[in-house]
Amino acid sequence: MLKVYNTLTGQKEEFKPVEPGKVKMYVCGLTVQNYSHIGHMRSAINYDVIRRYLEYLGYQVDYISNFTDINEKIVKRAKEEELSPADLAAKYSAAFLTDIQQFNVKPADKYLKVSENIDQIIEMVSTLIKKGFAYEKNGNVYFSVESFAGYGKLSGRTLAEMQAGARIAVNQDKHNPLDFALWKKVESEKGWPSPWGEGWPGWHIECSAMSMKRLGATFDIHGGGVDLIFPHHENEIAQSEAYSGRKFVNYWLHNGTVNLSGEKMSKSQGNFFTSREVLKEFSGQEIRYFLLTRHYHSPIDFSYERLAEAANSLQRLVNARQLLAKILELDIEKAPLTNLDNEFAKIPALKQTDFKSAMSDDFNTAEAIGVLHDFAGEINKYLNSNEFKLTESNFTILEKAEEVMLELAEILGLKFEVENAVNIDERLTTPLISLLLEVRETARSEKNWELADLIRDRLKELKIEIKDTPHGPDWEFDIE
RNA sequence: GGCGGCAUAGCCAAGUGGUAAGGCAGAGGACUGCAAAUCCUUUAUUCAUCGGUUCAAAUCCGAUUGCCGCCUCCA
């Protein structure tokens with residue numbers, strides 16, 4: 001049974017989709033005004049894992065996200081880069097889509113753009129005015145928080161509490177300082193025509209209009225960073241439920257922030273690492289693995305030291321998988337199953353079960369990774385045992401183990417492949433190195449250590465590291 | 001000021017009533033001509049502090065301390 005932590009209720013709940021077998025989820029994307037940073041990637045990776053797991057469980061998932069391509073920030077940044085706002089948005093949404101590939105994040109089924117949904121937004125604002133939830137003043141349209149009884153239910157505070165600590169600048173046009181804009185009048189820039197004059201959509205209306213248009217008035221999962229709970233998601237609930245008269249979202253999921261020395265990474269603070277600069281130091285797989293070692297709801301502290309530790313940890317899993325793959329290429333002997341084989345045969349299914357129960361507990365990737373390490377340990381122990389040899393009998397057991405290992409890794413979006421051949425022409429390099437290894441083996445058998453070491457040392461200078469295993473020599477290209 | 005979260009070994013991190021997963025780093029051993037990789041063993045009588053509830057608490061309750069988030073754009 002899948003349980004998810006729902007911000008709306010503050011508890012873990014059993015997950016039941018509106019429509020059996022199908023999951024409709026919407027994840028707040030970003031304002032495409034600059035290159036993405038690691039915090040954005042954590043969100044993208046997190047919901048990618050959630051999506052992958054739901055699909056693994058057999059759900060048909062409709063995963064929607066958005067690009068906010070209209071607002072003041074876009075206009076400001078466009079001027080800085082001397083581009084049109086549309087070109088700026090196109091540039092950075094394309095960059096985002098390129099970046100997520102590096103992290104093995106599957107693209108959403110659809111990225112909705114504000115600029116393509118203005119009609120929908122205007123229709124929604126008009127209806128809210130008609131129903132008495134919103135009012136127009138001087139070309140701006142505001143949502144009246146007092147008109148919506150449930151205002152504050154997501155962030156767990158009442159209107160009175162919010163007003164007591166309000167830091168919002170007084171705006172004479174608003175009935176209540178907490179009222180928020182659904183439509184904003186444009187002063188100097190070019191906006192979109194509307195019944196209230198030229199303007200732009202307010203900050204929260206886009207997600208409501210676009211998600212409901214695609215997924216229906218009530219859908220299953222709405223995700224985003226914890227920093228969106230208030231006011232963004234609170235306001236989405238208010239305007240959406242006021243509009244439709246129905247419950248907007250059943251499960252609200254929120255991922256924790258990525259911090260630097262304990263402080264939230266954010267563009268406005270200027271303390272952030274872009275995905276692109278971190279990718280120069282570590283692979284997308286390593287960064288992805290690092291981010292998944294912590295439960296998604298908790299904040300995670302980012303540093304290159306932690307990342308290096310994570311990379312070593314990931315390497316252990318990759319090594320186990322490599323060992324498995326290597327063994328499967330050995331010559332097969334004819335022999336019956338041993339006790340050792342029979343014991344190991346139970347492992348894959350066992351680990352699969354453990355992994356699923358971890359993931360079904362609010363997508364606990366940290367625990368799931370622990371299971372993978374247990375699994376890797378079992379594989380290593382088995383294959384390194386002196387009694388082990390590949391036989392016709394245990395071949396399928398090993399194949400099954402590899403299959404399960406990769407299947408579970410795939411849920412986390414991990415590939416367990418050595419990503420070291422990037423800059424090598426494998427067609428030439430691999431046979432050449434094999435040749436050198438052969439020569440070295442010969443030298444070793446003749447106890448010509450001088451030659452054997454010369455080959456090893458000279459290859460090491462070329463960043464090629466030799467590893468002798470019980471099953472013959474292996475090598476690795478050392479990228480650092 | 002209001003609301004909320006967190007505090008687990010040298011470091012990272014699971015664990016929400018039944019007696020502390022996993023990883024990184026470290027130590028010892030096996031294997032190796034020497035290495036590397038791998039394997040085995042080992043590193044928290046204890047979960048910020050102080051009280052309370054319970055047969056039993058890291059887990060529940062209260063207080064204290066510290067850190068963080070939100071209340072303003074933010075993944």
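Proteins come first, then strands; the chains are lettered A, B, ... in the order of their sequence lines, and each starts at number 1. Note that this is a predicted model, so its numbers are computed, not measured.
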**Report entry** Per-nucleotide protein contact string for nucleotides 8-13 of chain B, where B marks a base within reach and S marks sugar-phosphate only (heavy atoms under 4.0 Å, - for neither)
**Finding:** ---SSS
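A salt bridge links Asp99(A) with Arg276(A): at least one charged nitrogen is closer than 4.0 Å to a carboxylate oxygen.
Lys264(A) has a side-chain polar atom (N or O) that falls below the 4.0 Å cut-off from OP1 or OP2 of rC70(B). Listed pair Asn71(A) / rC73(B) fails the phosphate criterion, with no side-chain N or O lying under 4.0 Å from OP1 or OP2.
Within 4.0 Å of Asp468(A), counting heavy atoms only, lies at least one base atom of the nucleic acid. Residue contacts for Gly156(A): at a heavy-atom cut-off of 4.0 Å it reaches the sugar-phosphate backbone alone, with no base atom in range. Within 4.0 Å of Val258(A), counting heavy atoms only, lies at least one base atom of the nucleic acid. Within the 4.0 angstrom heavy-atom criterion, base atoms lie near Ile466(A). Among the protein residues, Asp453(A) comes within range of the nucleic acid bases, having at least one heavy atom under 4.0 Å from a base atom.
Between the side chain of Thr98(A) and the backbone N or O of Ala94(A) there is at least one donor-acceptor pair closer than 3.5 Å.
For the P atoms, the distance linking rA57(B) with rG18(B) amounts to 11 Å, nearest Å. A distance of about 13 Å separates the P atoms of rC50(B) and rU59(B), rounded to the whole Å. Only the C1' atoms considered, rU53(B) is 39 Å distant from rC24(B), to the nearest whole Å. Distance noted for atom C1' between rA25(B) and rC11(B): 7 Å (whole Å). Between rG17(B) and rU64(B), the distance separating the two C1' atoms is 24 Å to the nearest Å. Taking the P atom of each, rU41(B) and rG23(B) are spaced 12 Å apart, rounded to whole Å.
Using cut-offs of 30° and 60° for the angle between ring planes, the Phe180(A) and Tyr151(A) rings count as parallel.
Atom CG in Asp362(A) sits roughly 14 Å away from atom C1' in rG15(B) (whole-Å rounding).
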Requested in this report: Could you provide the dot-bracket string of RNA chain B, using ( ) for intrastrand pairs, [ ] for crossing pairs and | for bases paired to another strand, with Watson-Crick or G-U pairs below 3.5 Å?
Outcome: ((((((((.[[[..)..(...]]].(((((.......))))).....[[[[[..)....]]]]])))))))....
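Nearest to the side-chain atoms of Asp227(A) among the listed nucleotides rA37(B), rC70(B), rG15(B) stands rC70(B).
The line from CZ of Phe302(A) to CG of Leu291(A) is 8.0 Å long, rounded to the nearest 0.5 Å.
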